[in-house]
Amino acid sequence: MSDFEFIPTKDQRENSNIYKFMKKHNVSTLEQLSEQANDDLEWFWREVEKYIGIIWDKPYQKVLDISHGLPWTRWFVEGKTNIYKSSVEKFSKISPNKVAYTFISEDGKTSQITYLELDKKVCKLANSLKSLGVKKGDVVAIYLPMIEESILAILASAKIGAIQTVIFSGYSSESLQFRLQDSNAKILFVCDGFKRKGKPISQKNAVEVATHNTNIEKIIVVPYMGIDVYEKSENTICYNDLVSPHSESGLTEITSSEDPLFILYTSGTTGRPKGVVHVHGGFSVFVGYQAAFLIDTTVNDVILWPADIGWITGLVWNVYGLLIQGASAIIYDGALDFPNFNRIWDMLNKYNVTIFGISPTAVRLFKKNNVQPLKLHSLDKIKNIPTTGEPLDAESWKWLFEKVGNKKIPIMNLSGGTEIGGAVLSVFPGMKLKQSTVGIPCPGINLDVYDDNGNSVRGKDGYLVIKSPWPAMTNGLLHDDQRYLQTYWSRFENIWFHGDYVFVDNDGLWYMKGRTDDVINVAGHRMGTAEIEHVAISHEKISDAASIAIPDEITGEAIILFVVPEGKLEPNLGDEISNHISAKIGKIAKPKMVYVLSDLPKTRTGKIMRRLLKAKLLGLELGDMSSLENPQVLDEIQKLG
């Protein structure tokens, strides 16, 4: 028992949604629930759908159909449902005066909207879009920061059966244009600029360049920060002018289970971005399941999870999962450390947040700057702290557990992907926890760990695979069925190969070891970059780290480590860290070189861009850098001779 850092209370277990579900079905443990779900997927997902309370215009005839092969599994066959009916429309009647969203801008302006007000505003925008000729199956592109109109545009598209594609507001014109072209978008939502760390950010040039050679018919401009000025024209419309004449009521389009809900792009390490397609039926059930069972969302919860809606994390927790559970969210459009490090903790306290989501990168930022949240506020309303986006190192886990959770709140570490539609591994309410664990496979998703030969392994690193379908698996890749099959289904027969490297310990707890394309092979010894980085970060003088592999004549590959010091740069720090890794893992893991940088190159969502470190070091083409937040860091790296 001494290995477990967190032991749940009886209340934490028995007051959870998943425990109530288990009790209803006479299931005593999560392991038993997973076994029963794997033995009878139809039973499990049918009962989950009932528990979540999905509204059907026409009942489905069958839970799943694998007659076309596992990669093309259909869910809730012949059912008719629109996700909007099971979320906003449902709760606008049940709890019309309940606050759905509180919006906070970086300059401190706030606004709130109830479920009834949200429904009325969505109806107005839905009617407006229809007046522009948008119909079921058309694609609406949303290139907005985290503001009210972003949520309205997503929901209005769903309500009329249009397909939304949310594009991260920080993307370059090239990235925006590709997504507009590939999705064949008809409408584009933009704003008149926003601010980050007090600096004005213009979108206008990117929009003007990106919309050339696309099928965009109308650009809808949302007034926000007044940084950009758009000339009104037949093709460029002010949001307020568009919606003002339209009604606050309207019928929701009846959609089938297999009708597309949204297209979301996810980048591979090489090649063009992949257009992931999610549909109304399966995604409705799965996202409700994720919100209810993984992070235990109820109608009484207030969520603050600074995850952008341009990513699957934002869409799951800040939009669809939240609204299907009838909860409330705080949506913050700004930098977490602006104007100071107190900002996020003040919001948690002021709005009595019960579920606080945070990325590992943000945790390391706060830890590096010696932030002491519990000295600012008690934060005693928080019941769960979910985190995702990249592997969470032990030191960051410990900081979050102690400095935010006061050793009383579970760290709900989870892992999944855009193609998954959410998480496949997660900590669940009522679990005993060790540092950094991502918990267990989500019941209803049949996971395993394979070696190179497709054998199931435990006690050593292996490939994360999924052996049966689940409701929110992507409905192929847009325009590229062959790439879908090649990427996910070609490694092992009838097995989904996710591309993560994982480990399962003797207590059945799972741990992320990084992406399989981030595995380093030194003289036949395979190590995940995450393992090396976590050991580096465990050193008291290091706040962040990234490792890559470069070709080596003797060992095949050699480890190169990049570190960010906790404080001032000290002489011989590289040697000290190198020896630390050697002592903790073994000489085989000793880096060939250690580079000390002021920061690591990261995307705007905090993911480390290891490929750029490698390309810069080896003098290769850097490729697409549109999502890079801090390109100047690369100038600190000298090309190898």
Side-chain angles (χ1 to χ4, degrees), residues 17-18 21-22 24-27 32-87 89-90 136-137 158 161 163 252-262 276-293 316 320-321 324 416 419-424 441-447 465-477 481 484-485 488-489 493-496:
N17 284 315
I18 195 164
F21 178 84
M22 288 161 55
K24 178 182 177 183
H25 295 286
N26 298 313
V27 176
Q32 184 186 347
L33 182 63
S34 288
E35 286 176 14
Q36 289 190 204
N38 290 340
D39 287 343
D40 192 345
L41 284 178
E42 292 203 44
W43 163 79
F44 179 77
W45 289 110
R46 183 188 302 111
E47 294 305 319
V48 166
E49 178 270 306
K50 290 178 184 174
Y51 186 91
I52 299 303
I54 301 301
I55 293 172
W56 299 91
D57 289 296
K58 177 190 172 187
Y60 51 89
Q61 301 303 302
K62 192 176 181 183
V63 174
L64 76 161
D65 174 11
I66 60 170
S67 62
H68 298 286
L70 289 184
W72 309 108
T73 300
R74 295 190 304 144
W75 286 86
F76 307 105
V77 183
E78 295 184 30
K80 302 276 189 184
T81 185
N82 185 313
I83 198 168
Y84 188 75
K85 287 191 173 182
S86 299
S87 54
E89 195 169 294
K90 176 180 180 179
K136 182 178 177 181
I163 305 164
T252 299
E253 183 74 26
I254 295 175
T255 53
S256 82
S257 291
E258 291 296 303
D259 281 339
L261 170 63
F262 65 86
V276 170
V277 183
H278 286 296
V279 299
H280 278 264
F283 189 77
S284 292
V285 175
F286 194 73
V287 77
Y289 158 85
Q290 298 261 304
F293 287 180
V316 168
Y320 289 119
I324 279 182
E419 323 76 320
I420 299 289
V424 288
C442 297
I445 308 177
N446 191 2
L447 301 192
V465 298
I466 311 177
K467 299 195 289 187
S468 59
W470 66 100
M473 56 189 282
T474 180
N475 200 2
L477 294 176
D481 289 350
Y484 168 63
L485 295 172
Y488 304 109
W489 297 96
E493 186 176 359
N494 272 336
I495 297 289
W496 175 286

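When side chains are defined from C-beta on, Tyr488 does not count as touching Pro71, because their heavy atoms never get closer than 4.5 Å. In this structure, the side chains of His25 and Tyr51 stay at 4.5 Å or more apart for every pair of heavy atoms. Here the side chains of Lys58 and Glu78 are in contact, with some heavy-atom distance below 4.5 Å. Two residues are said to be in side-chain contact when any heavy atoms from C-beta on lie closer than 4.5 Å; Val279 and Leu261 fail this criterion. A 4.5 Å side-chain heavy-atom check between Tyr484 and Thr474 finds at least one atom pair inside the cut-off. The closest side-chain heavy-atom distance from Ile495 to Trp489 is not below 4.5 Å. Here the side chains of Leu70 and Trp496 are not in contact, with every heavy-atom distance at 4.5 Å or above. Two residues are said to be in side-chain contact when any heavy atoms from C-beta on lie closer than 4.5 Å; Tyr60 and Val77 fail this criterion.
A donor-acceptor contact closer than 3.5 angstrom links the side chains of Trp56 and Glu49.
By the neighbour-count criterion of 12 heavy atoms within 6.0 Å, atom CD of Glu493 is sparsely surrounded, having that number or fewer from other residues, nucleotides or ligands.
The nearest pair of heavy atoms linking Pro469 to Ile66 is CG-CG2, 4.4 Å. For the residue pair Ala292 and Ile52, the shortest heavy atom distance occurs at CB-CD1, 3.9 Å. Nearest heavy atom pair, residue Ala37 against residue Pro443, reads CB-C, 4.4 Å. The nearest pair of heavy atoms linking Ser34 to Pro441 is OG-O, 4.0 Å. Counting all heavy atoms, side chain and backbone alike, Val316 lies closest to Gly421 at CG2-O, 3.7 Å.
In terms of modelled atom types and a separation under 3.5 Å, the side chain of His280 and the main chain of Ile83 share a donor-acceptor contact. Checking side-chain atoms of Trp470 against main-chain N and O of Ile420 turns up a donor-acceptor pair under 3.5 Å. In terms of modelled atom types and a separation under 3.5 Å, the side chain of Asp65 and the main chain of Arg74 share no donor-acceptor contact. With hydrogens and angles ignored, the 3.5 Å screen pairs a side-chain donor or acceptor of Ser86 with a backbone N or O of Ile55. Listed for the Ser257 side chain is a donor-acceptor partner under 3.5 Å among the backbone atoms of Phe76. Under the 3.5 Å distance criterion, the side-chain polar atoms of Gln290 are matched with a main-chain donor or acceptor of Ala423. A donor-acceptor distance shorter than 3.5 angstrom exists from the side chain of Gln61 to the backbone of Pro59, with no hydrogens or angles considered. Remark: the backbone N or O of Ser468 is not paired with any side-chain donor or acceptor of Asn446 at under 3.5 angstrom. When atom types are taken as modelled, the side chain of Asp481 and the backbone of Gly476 share no donor-acceptor pair closer than 3.5 angstrom.
Separating the CG atom in Leu33 from the CZ atom in Phe44 is a distance of 5.0 Å, to the nearest 0.5 Å. Separating the CG atom in Asn82 from the NZ atom in Lys136 is a distance of 9.0 Å, to the nearest 0.5 Å. Within the model, atoms CG of Leu477 and CD of Glu419 stand 8.0 Å from one another, a figure rounded to the nearest 0.5 Å. Note: Asp259 CG to Asn475 CG = 10.5 Å, rounded to the nearest 0.5 Å.
Between Tyr289 and Trp45, the ring centre distance stays below 6.0 Å.
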Side chain to side chain contact (heavy atoms under 4.5 Å, CB included) assessment of Val63 paired with Leu41: CA-CA 9 Å; Val63 174; Leu41 284 178; over 6 Å; no

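Each of Asp57, Thr255, Thr252 was scored for a side-chain hydrogen bond (donor to acceptor under 3.5 Å, both in side chains) with Lys85, with one residue passing: Asp57. Exactly one residue among Tyr320, Phe286, Phe283 makes a ring-ring contact (aromatic ring centres under 6.0 Å, His included) with His278. That residue is Phe283.
By the 30° and 60° cut-offs, the orientation of the rings of Phe21 relative to Phe293 is tilted.
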